[in-house]
Amino acid sequence: MADTSAASQAPAGPVAVTETDETGSLSNQKQGKKKSSGLQNCFRYFRLLVYAEPTANDIGLLLVGLFSAIGSGIPFPLIGILFGELVDNLNSATCAAQTETSAQQYQDDVNDKLLKVVYVAIAQFVLIYLYVVCWNLSGDRLAHRLRAKYLRSILKQEVSFFDKLPAGDVSARLTGDINTIKDGTSQKVGVVLGVVSLFVTAYIIAFIKNARLAGILVSILPAFLLLGALGTYYIGKFSGLMSEHMAKASGVALESLSNVMVVQAFRANDRLEKKFVEELWNTRKNGIKKAVATAIQSGFLYFLAYAASGLAYWQGSQTIADVVSGKLEGQTVGTTYTIIFVLVDGTLILSQMAPFIQIFASASAAFEKLEDDINRQSQIDGTLDSSAGTILSECEGEVRLENVNFTYPSRPDVPVIQDVSLRFPAKKYTAVVGLSGSGKSTIAGLVTRLYDPDQGSLFLDGHKLTDLNVRHLRGFIGLVQQDPLLLDRSLLENIALGLINSSREEHVALQPILYGDTLAKIAEAVRNGEDVTAVAASHGPEAVRIIEMVQHAATLADAGIFLDKLEYGFGTIVGPNGDLLSGGQKQRVALARALVKDPKILVLDEATSSLDSASEQRIQKAIEQATAGRTVISIAHRLATVKNADSIVVMRSGRVIEQGSHLELIAKDADYAALVRLQTMGSETSSVSTSKGSESAVEHDRVSRSMSVTNEKTPAAGLNMASEETSTPPAAETEKKTRATKATVKSINFFVRPYWIFLFIAFFFSVVVGGSYSSSAVLVGNTIGALSPCEPPSEIKSSGSFFALLFFILGIIELFANTISWSAFGWVAENILCTIRTLSYRSLMEQDLHWHQSENRTPSTLLAFITNDTTIIGGLTGSIMGTIFSIVVNFVVAVVLTHIIAWKIALVCLAVVPLMLGSGILQLNILAAFATRHEKAFAKSVSITVEAVNSIKTVAALSLEQEVLGTYRRSLNSPRKEMLRNCLWANVFLAFTFSLSNLLYALAYWWGAQNIINGTYTQTQFFIVLIALLVSAQQWGELFTLAPEVTNAGRAVGRILDLIDLGSTRTVEKKPSAIDDPEGAIESKPSGPTSDQGLQVSFKQLKFSYPARPNRQVLKGLDVDISPGQFCALVGPSGAGKSTIVSLLERMYHPDSGVIEIDGVDVTARKEAVFRDDIGLVPQDNILFEGTIRFNIALGARPDHQPTDLEIEEACKLANMHETIMALPDGYDTQCGTGGGQLSGGQKQRLAIARALVRKPRLLLLDESTSALDAESERLLQDGLDRATKGITVIAIAHRLHTIRRADVIFMIEDGQCVDKGSHEELMQRSESYRVNVLHQTLN
């Protein structure tokens, strides 16, 4: 019965021949390096099923799933035997003389056999249900265990492991690879086991029934297996290449989304999009190759199945002719039917397992890479318990370095520390100063054992650091890093994280609360308006104690003032990486986090570089008071902050060149004294500073206090979205509305229109494929009728040969139709996927900063549009689309054909169709509801893991590994609890859908037998109707096996189209020009002859509050006028609104009222941000992208200009970076690493300046552009800037007054207003607060 060749008829649940998931396995990219044999893959796969510490329940699920899946394959061949006997009964009824008695007797025989079919169908339903539930649950549980184990393993790796890791790699593994594993270890395993069981049972029955015919049909098995193996190889190869390029494209997208302000400020969207599209284009190319390989494999499988059917029926006709002529005994048409039914269908179904084998191979390959990472031994494991390494009962805090040499593993040929021997005395304050890139921050990394030296040793209280337990060691140390990173939680939780690994006995009792979700609940209650202390009291005395310690640490770190002014205080959410706080606020929170556990050793790496002088002075005093009884190692560029240190270490080029107290080093008059002279304000302000010197001590406290109180009233510049849940922008609300079906269809039509010729070809041949199923039914019906023993032997042989030939011709038609249809669908699908990924990326990058920071959006959740949603859509396109369409065509053709041939039988059979449809739709709805309910939980769990990896230095230094794992597990509690119930309920309908085909068989035979016995229809008519409708029924079951793909894809299409609708264009090729509108015409005019002139800037009565808190104004009627070519400076305390001014000038936000004019044109009224082409920005966070130094600097060039190497080098010379770059082995082709992680803070800052200067801007915005630089680098940079900025307008934000003392005009920004302006000398004379700031930084 080769008709069923068309549909995979596994009773265990037919599943479509689908392309493997596009995320395939990211690990496949490694295949070139490490080939595994098929046997190794096989063993690895079996290990995977019981990997990651399975419980007794997990083993139980596997065993029940295994035996029930094997059992589910046995009923199909048994039903084949019964149907063979039924064929004999019908033949007898047709041939015999019809009497009432004989008719009733035949009907009773038929009824008896049909009853057995029903019993077998019920048993099959139970077995299918059992295995589907067990394997789905097992796959889900394995995925959860793997994610947790992989995350646990990743978090314990040393920091240098992450230096070489591409952006987005871990998130791709946690989503792509583990989803591939889940796909390859769930229900499909049961399907394959059922098919293998069916296949073995079928051959046993066939050889028992007719060994000769069975032996002939065995010959097709090698062809099937060879085809399956070849197809699997090529599909796997192209899947791996797709995964590799898609991972690279994801990395580009993630970096762009993480740094959207920089991308928009430089209008670098197009340059980054080009890099993104290059990788997408490679993905598309390999996707098309994969589609063609799948299509060819599928076409040949169907050809072999039909050819085998022809061979079987030809041989069967010879056998039956011999029986009729008396040459052979014991063989009947029914026996032949049974053998063909079970063998051809069994072999075909087995061959259709090829894509499943590929899915299992992908799962095995994904597991190989995951296992490599999981089994990797960390060089510095901070998660080991107290049994590993020495535990110190007490810590004095003396740190020593002896002959230490160090190079970063990512750049082993560049020495960073060279033969350094240093002693940091216990309970003393030691400062480390020196040029940028001299190895200061590296010492902080070595002391906290984030890295180990290549040579030499470090000691704590005489104990070698490598001998101590890492976690215990870090418990003694509080670290504030150069670029402080906060986790996306409340301020309360962020500061309390510092207590997780406290070395103090009294803090042990706080661990249960710190590791649980109590603090998150307290923060949420605070956001709901409750008092923090009262809420804490309800959670017990430990919670109250934690709150008190957090409040005390915040006060020490000078964070108390700005915290009190925030709407939600300690409950305020800080956003990913703490991006919703200003730089200064982030530093204060990071400092509070380090101080909260009262550490024995405090390591400060530029801990106050983003703070104004008054705040810095207060913190400095607090630190100096708190240093009693603790060792402090402070790395600083502002020498005024370390002049009271007990000892100052001066470094250059990785070596210690001087050491002593401030006065001793000044007396030496060497390198340190030279740095002091560079930073001394005295030369400019001697008359003022000397006359006022005596009263400076009194002024310090009084003025700094008054400044802070007046200027910390407004929340941070960046804290714009801390309360997304309270204020939803109208735009966001509209996005949440369900997209109309009509609009969706219209949008889809737009994207497929360019490929209508290919689509027409694909659909045309899909119609051929769909129609061929019913054609095969006609052939089978006629063949069985022609092989009736009522016919003479010569007629039987002649008919057998004729119909065998027709089967062979049908096989050739199927070969070409399948190959062409699936190839065309694949080609269209890959092109559309490439388009929607490009447009999704473009649309995301066109949205303003406000959109990116609202509605709980984070870079990792937005990346899901490009990776997850488009992959889901990809899973439903191509071959699956062809399969679905051909199933629908077959159903329509079958209904029409059967009604023409035997409408009485057809009507009864069709009565079962609503049951099948209903159960399938119910399953769809259950799956869709589950996915919708838990979508946010799954997205949150991924963002937790991505954030932990991106902040790995913070996680390691604070020993947060277990806490992150706990938070991750809690985020998935809700979906895990509901998973069992959902699985038990949804799969009832799936099993029912699968089992219905056998019940339909029974019903059709019963009703058909009656009609044949009564003489209403012939046997040929009956079999045509039966086969045509049976194939349709089985294929409907197959259709609902695709239910999850269909559901997910439908929702993903809606999300993607909503996103693309937000963008400016729907075509990849060309963006609309602004020239079409009058404003655009003004904007697009070239600057012409005035291009070397500075821009005029003015703010008129500017008022602004972040959209999330419209009642809290950041700028309160700001008035500032800047003339063309002026160098102006904005100074004032942290949080006064200085960075907000820069954001508004770049039009990242829109003001509430007032006007921002550039050269007399109001930028807020402009449609496109073309004006940004004349502006160069150096942001507060020096953001670089993965790629070479050359690529990073070129990003700063104007959008229509590709800078030459000469221009890039000139910009680097001006930024005092050229010589540093040329000293690197690869020069300008040196890779910067993810986020510029392979460069020091000062180097990153200078590259950010070079990137702005290569633009040749008319307005240069410098936001804390020298905070990470030493005095000498700053002076050289200042000289370069003086040359580069001649004639252009410069607006500099700085807390280092030394940097901007040459400014033409200095604007003092306090409390969102300009309170004073003038030159440095003028402000020194008349502004008390300005003078105090200067005195804080004066060294002499």
Side-chain angles (χ1 to χ4, degrees), residues 158-160 163 380 397-409 411 414-426 428-461 464-466 468 470 473-474 476-484 594 599-609 630-639 641-642 645-660 671-672 675 953-954 956-957 1237-1243 1268-1270 1273:
E158 70 276 12
V159 171
S160 58
D163 290 345
I380 308 170
E398 184 193 65
V399 178
R400 264 189 310 121
L401 284 77
E402 280 190 8
N403 309 116
V404 169
N405 286 280
F406 178 75
T407 57
Y408 284 103
R411 200 176 294 133
V414 180
V416 181
I417 299 285
Q418 301 183 59
D419 197 30
V420 167
S421 294
L422 259 181
R423 178 172 169 268
F424 297 101
K428 297 287 184 185
Y429 178 7
T430 308
V432 183
V433 301
L435 300 185
S436 173
S438 60
K440 304 183 300 298
S441 296
T442 305
I443 284 179
L446 291 169
V447 169
T448 47
R449 255 204 102 189
L450 295 176
Y451 298 96
D452 276 340
D454 302 337
Q455 291 174 327
S457 302
L458 283 92
F459 298 88
L460 174 62
D461 292 349
K464 221 175 178 181
L465 245 56
T466 48
L468 299 177
V470 180
L473 163 72
R474 289 172 182 164
F476 292 121
I477 302 171
L479 170 68
V480 182
Q481 290 166 299
Q482 194 167 12
D483 298 315
K600 295 284 188 183
I601 302 168
L602 186 60
V603 181
L604 306 172
D605 187 357
E606 288 285 342
T608 57
S609 61
R630 90 169 95 237
T631 308
V632 177
I633 301 171
S634 177
I635 293 159
H637 287 310
R638 288 196 209 174
L639 303 182
T641 63
V642 296
D646 298 307
S647 176
I648 298 171
V649 176
V650 185
M651 294 189 70
R652 183 191 287 272
S653 305
R655 297 178 190 276
V656 175
I657 52 171
E658 276 188 296
Q659 187 170 1
D671 288 63
Y672 179 77
L675 289 172
K953 285 185 181 176
T954 303
Q1238 297 192 14
L1239 301 169
S1240 75
Q1243 289 167 342
L1269 297 183
D1270 57 275
S1273 299

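All values reported here derive from a predicted model rather than from experimental measurement.
Between Leu602 and Ala594, the shortest heavy-atom contact is CD1-CB, 4.1 Å. The nearest pair of heavy atoms linking Thr466 to Arg449 is CA-NH1, 3.7 Å. When all heavy atoms are compared, the tightest approach of Leu446 to Asp452 is CD2-C, 3.9 Å. Thr407 and Val414 make their closest contact through CG2-O, 3.5 Å (heavy atoms, listed as atom of the first residue, atom of the second, distance). Minimum interatomic distance between Ser438 and Ser653 (heavy atoms only, all atoms of both residues): CB-N, 3.7 Å. Taking each heavy atom of Ala636 and Thr641 in turn, the nearest pair found is CB-OG1, 3.7 Å.
With sequence neighbours excluded, no residue satisfies side chain to side chain donor-acceptor pair (under 3.5 Å) with Ser634. For Arg655, the salt bridge (charged side-chain N to carboxylate O under 4.0 Å, His left out) test picks out no residue, with sequence neighbours left out. Residues forming a side chain to side chain donor-acceptor pair (under 3.5 Å) with Glu158 (at least two apart in sequence, or on another chain): Arg376, Ser378. Partners of Phe406 under the ring pair (Phe, Tyr, Trp, His ring centres under 6.0 Å) rule, at least two apart in sequence or in another chain, are Tyr408, Tyr451. Partners of Thr954 according to the side chain to side chain contact (heavy atoms under 4.5 Å, CB included) rule, which considers only residues two or more places apart in sequence or in another chain, are Gln481, Leu485, Arg593, Ser951, Leu958. Listed by chain and number, the residues in a side chain to side chain donor-acceptor pair (under 3.5 Å) with Asp419 are Asn403 (sequence neighbours excluded). Asp461 pairs by the side chain to side chain donor-acceptor pair (under 3.5 Å) definition with nothing, not counting sequence neighbours. With sequence neighbours excluded, the residues satisfying side chain to side chain contact (heavy atoms under 4.5 Å, CB included) with Gln455 are Asn405. Annotation: side chain to side chain contact (heavy atoms under 4.5 Å, CB included) contacts of Ser457 (sequence neighbours excluded): Phe459, Lys464. Under the side chain to side chain contact (heavy atoms under 4.5 Å, CB included) criterion, Thr430 pairs with Phe424, Pro425, Ser647, Val649, sequence neighbours left out.
None of Val480, Val632, Thr631, Leu479 except one satisfies the side chain to side chain contact (heavy atoms under 4.5 Å, CB included) rule with Val603; the exception is Leu479.
Considering only heavy atoms from C-beta on, Ile601 stays 4.5 Å or farther from Arg630 through its side chain. For the pair Gln659 and Ile648, the minimum side-chain heavy-atom distance is 4.5 Å or more. Proximity of Leu460 to Arg400: side-chain heavy atoms (C-beta onward) are nowhere separated by under 4.5 Å. Counting only heavy atoms from C-beta outward, the side chains of Asp605 and Ser441 approach each other to under 4.5 Å. Counting heavy atoms from C-beta outward, Ile380 and Leu450 have side chains that stay 4.5 Å or more apart.
The closest donor-acceptor contact from the side chain of Arg474 to the backbone of Thr448 lies under 3.5 Å.
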side-chain contact (heavy atoms from CB on, under 4.5 Å) evaluation trace for Leu458 with Glu402: CA-CA 6 Å; Leu458 283 92; Glu402 280 190 8; over 6 Å; no
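Note that CG of Leu401 is 8.0 Å distant from CD1 of Ile417, once rounded to the nearest 0.5 Å.
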